S.K.: 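Okay, here's the structure, questions in a sec.
Note that ligands are numbered from 1 as they come in the structure, with each ligand's atoms numbered from 1 the same way. Index from 1, following the sequence. Predicted model only: the values in this text are computed from it and were never measured.
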Amino acid sequence: MEILLYPNPVLRKKCEKVQDIDEEVLRIARSMEETMYRAKGVGLAAPQVGIVRQIITIDVGDGLITLINPEITLFEGDIKMDEGCLCLPKITVVVPRHERVQVKAIDLKGKPVTFDAEDLLSRAFQHEIDHLKGKLILDKLSKIKRDLAIRKYKKLNAEDKD
Ligand code: ZN
């Protein structure tokens with residue numbers, strides 16, 4: 001799978017819930033996992049590879065988690081940290097996040113699962129669930145910081161093309 005780059009309009013779409021975990025969904029999930037590892041990312045959401053459905057995969061170093069229709073059901077605390085995104089290569093921005101989150105979802109066997117996450121896993125969940133709503137890390141910034149980040153992103157990635 002190819003990772004779409006900002007400002008691809010698919011990254012702005014709201015993803016549909018998955019109704020059935022059929023062969024196609026399983027195939028998409030496996031492909032997303034491979035794509036995430038190949039890109040050396042800690043998470044990937046379906047719209048990042050052009051699929052507008054609620055599927056995410058995460059591995060922050062504690063094992064692979066692939067979820068269908070994930071939702072943040074509880075959150076607590078505030079934290080600001082540097083974050084990057086596979087759709088915005090070469091830049092990181094300081095993003096405000098909840099410190100801890102509870103996430104409910106369905107696993108690939110169709111079983112309901114709940115995670116209570118903190119640290120990197122908490123941020124990865126928030127980042128990937130944002131993608132399912134068409135939200136990017138840039139949206140968490142003030143207009144001035146966002147414009148600066150976009151300028152830097154365009155500059156760094158334009159140099160790369162030659
Ligand atoms: Zn991202």
Side-chain angles (χ1 to χ4, degrees), residues 1-18 25 28-73 75 78-108 115 117-143 145-158 160:
M1 286 174 156
E2 198 188 325
I3 296 173
L4 306 181
L5 298 181
Y6 176 85
N8 191 305
V10 176
L11 297 171
R12 293 307 192 178
K13 301 230 160 134
K14 281 196 173 177
C15 295
E16 284 168 33
K17 281 203 173 198
V18 173
V25 168
I28 292 168
R30 295 298 168 228
S31 258
M32 282 175 57
E33 292 162 358
E34 279 172 31
T35 305
M36 172 181 73
Y37 286 125
R38 188 158 29 85
K40 296 185 167 54
V42 296
L44 190 74
Q48 295 183 274
V49 288
I51 292 162
V52 192
R53 303 175 80 177
Q54 295 185 15
I55 309 169
I56 63 169
T57 187
I58 288 174
D59 188 343
V60 295
D62 298 326
L64 181 62
I65 301 170
T66 300
L67 299 175
I68 307 294
N69 304 341
E71 272 182 280
I72 292 171
T73 46
F75 55 84
D78 299 298
I79 193 166
K80 277 191 181 185
M81 289 192 83
D82 236 10
E83 229 171 89
C85 178
L86 292 174
C87 299
L88 288 151
K90 298 186 182 175
I91 64 162
T92 60
V93 295
V94 178
V95 181
R97 295 285 185 197
H98 306 303
E99 215 170 343
R100 284 173 290 280
V101 291
Q102 182 182 74
V103 172
K104 287 191 194 272
I106 302 169
D107 70 12
L108 292 178
F115 291 86
E118 54 184 16
D119 301 323
L120 189 53
L121 182 59
S122 165
R123 285 169 49 215
F125 274 134
Q126 293 173 75
H127 183 116
E128 303 313 331
I129 291 171
D130 271 354
H131 272 301
L132 301 181
K133 297 172 185 162
K135 286 193 202 153
L136 300 172
I137 49 177
L138 296 173
D139 306 338
K140 304 262 175 193
L141 307 177
S142 65
K143 184 167 177 352
K145 285 187 178 160
R146 183 167 58 240
D147 288 348
L148 278 173
I150 292 171
R151 207 175 306 154
K152 189 175 170 194
Y153 166 75
K154 284 185 178 160
K155 186 169 177 275
L156 290 176
N157 289 284
D160 213 32

S.K.: Got a sec, which residues hit salt bridge (Lys or Arg N to Asp or Glu O under 4.0 Å) with Lys80, two or more places apart in sequence or on another chain?
M.R.: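 Result, salt bridge (Lys or Arg N to Asp or Glu O under 4.0 Å) vs Lys80: none returned.
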
S.K.: Test your reading of the model: is there a side-chain donor-acceptor pair from Glu99 to the backbone of Ile79, 3.5 Å cut-off?
M.R.: no

S.K.: At a cut-off of 2.8 Å, what protein N/O/S atoms sit near the Zn ion (ligand 1)?
M.R.: Cys85 SG, His127 NE2, His131 NE2

S.K.: Is it true that a side-chain atom of Glu118 and a backbone atom of Arg100 form a donor plus acceptor pair closer than 3.5 Å?
M.R.: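 No, Glu118 side chain to Arg100 backbone: no donor-acceptor pair under 3.5 Å.
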
S.K.: Look at the aromatic rings of His98 and Phe75 and report parallel, tilted or perpendicular, splitting at 30° and 60°.
M.R.: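 Parallel, since the angle between the ring planes stays under 30°.
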
S.K.: Backbone N or O of Lys135 within a donor-acceptor pair of the Asp130 side chain at under 3.5 Å?
M.R.: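 A pair under 3.5 Å: no.
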
S.K.: Is it the case that the side chain of Thr73 and the backbone of Gln102 share a donor-acceptor pair, with hydrogens and angles ignored and the cut-off at 3.5 Å?
M.R.: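 It does hold such a pair.
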
